[in-house]
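Everything on this sheet refers to the single structure shown next.
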Amino acid sequence: MTEILWIEPLAVLALGYVLGSIPFGLLLTRMAGGGDIRAIGSGNIGATKWLAALTLLLDGAKGAAAVLIGEAILPGGALLGAAGAFFGHLYPVWLRFRGGKGVATFLGIVLAMHWPCGLIFAAVWLGALLAFRYSSVAGMMAAVSAPVSASMWGEFNMVLLFIAFAMLVLWKHRGNIERLLAGTEPKVGQTASG
């Protein structure tokens, strides 16, 4: 009986992982004849290249879909779907566990779980991008805003998950942080100098 109780949670987690691990940046670039997006620029498969808008939309959508499907399958399954999708995006098995940085997928997750927090996330991301013109800074600030806004809205069931996601986003940006400290991080529209 105990084994049966674990089937649905594991299915939600696995489904979230599979959805999250779809590398839209890589797939779209290849379909457009651009080769392997990981060989261009910083090597990130995320939403900072010439197919950025569509990649961002699809990466966000897969996070939101995992949350909504997870909750439909299992009450409280949104958290498991979110965790699966986020880890799937960061560490996809098909790409030898080398995925994106997670910001767009995180946004989709937050929007699906609590849309006011998602709007704050998006506003911080866009505002920081316009103010500082560093894509990495904007993404990190947006990620950190998620647990803060969730706690402000009293959504404490999400806070720990969002803290963990924000820490992983910061970890995935460690190379960007090093370049920021060294003064070599490119601004939006510039090419990397180191």
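Side-chain heavy atoms closer than 4.5 Å link hydrophobic residues (I, L, V, M, F, W, Y) into clusters, and following such links, even through other members, never connects Val18 to Phe87. Two different hydrophobic clusters hold Phe156 and Trp153 under the rule that ILVMFWY side chains link at heavy-atom gaps under 4.5 Å. The hydrophobic cluster containing Ile73 also contains Leu19, counting ILVMFWY residues as joined when their side-chain heavy atoms lie under 4.5 angstrom apart, directly or transitively. Grouping the Ile, Leu, Val, Met, Phe, Trp and Tyr side chains by contacts below 4.5 angstrom, directly or via other members, places Leu130 apart from Leu119. Met113 and Met152 fall into different hydrophobic clusters, defined by Ile, Leu, Val, Met, Phe, Trp and Tyr side-chain heavy atoms under 4.5 Å apart, directly or through other members.
Residue Ala128 comes nearest to Ala138 through the heavy atom pair CB-CA, 3.7 Å, listed as atom of the first residue, atom of the second, then distance. Minimum interatomic distance between Ala142 and Trp125 (heavy atoms only, all atoms of both residues): CB-CB, 3.6 Å. Across all their heavy atoms, Leu56 and Ala104 have their closest contact at O-CB, 3.8 Å. Of all heavy-atom pairs between Ala82 and Val67, the closest is CB-CG2, 3.8 Å. Residues Ala66 and Ala85 approach most closely at CB-CB, 3.5 Å, considering heavy atoms. The two residues Val169 and Gly139 have their closest heavy-atom pair at CG1-O, 4.4 Å.
Residues Leu28 and Leu58 have side chains in contact (heavy-atom distance under 4.5 Å, counting atoms from C-beta outward). Side-chain contact between Phe132 and Met141: present, with at least one pair of heavy atoms (C-beta onward) separated by less than 4.5 Å. Counting heavy atoms from C-beta outward, Leu170 and His173 have side chains that stay 4.5 Å or more apart. Residues Val103 and Met140 fail the side-chain proximity criterion, which asks for heavy atoms closer than 4.5 Å. For the pair Leu129 and Tyr134, the minimum side-chain heavy-atom distance is 4.5 Å or more. Contact annotation: the side chain of Leu57 never approaches that of Phe24 to less than 4.5 Å [non-hydrogen atoms, C-beta and beyond]. Using a 4.5 Å cut-off on side-chain heavy atoms (C-beta onward), Phe165 and Leu90 make no contact.
Cation-pi geometry between Lys101 and Phe106 is not met: the NZ or CZ atom fails to fall both under 6.0 Å from the ring centre and inside 45° of the normal.
Rounding to the nearest 0.5 Å places CD of Glu178 at 9.5 Å from CG of Asn176. Within the model, atoms CG of Leu74 and CD1 of Ile69 stand 13.5 Å from one another, a figure rounded to the nearest 0.5 Å. The structure places CZ of Phe121 at 9.0 Å from CD1 of Ile109, a figure rounded to the nearest 0.5 Å. Separating the CG atom in Asp59 from the CG atom in Leu107 is a distance of 10.5 Å, to the nearest 0.5 Å. Rounding to the nearest 0.5 Å places CZ of Phe97 at 10.0 Å from CG of Leu95. Between Phe162 atom CZ and Ser151 atom OG the span is 11.0 Å, to the nearest 0.5 Å.
Looking at Ser149, its side chain does come within 3.5 Å of a backbone N or O of Ala146 through a donor-acceptor pair. No donor-acceptor pair under 3.5 Å is formed between the side chain of Arg133 and the backbone N or O of Lys187. Between the Glu155 side chain and the Ala150 main chain, no donor and acceptor come within less than 3.5 Å of each other.
If you check the side chains of Lys62 and His89, you find a donor sitting under 3.5 Å from an acceptor.
Within 6.0 Å of CZ in Arg174 there are more than 12 heavy atoms belonging to other residues, nucleotides or ligands.
Of the candidates Val93, Leu80, Val12, Val93 is the only one forming a side-chain contact (heavy atoms from CB on, under 4.5 Å) with Tyr17.
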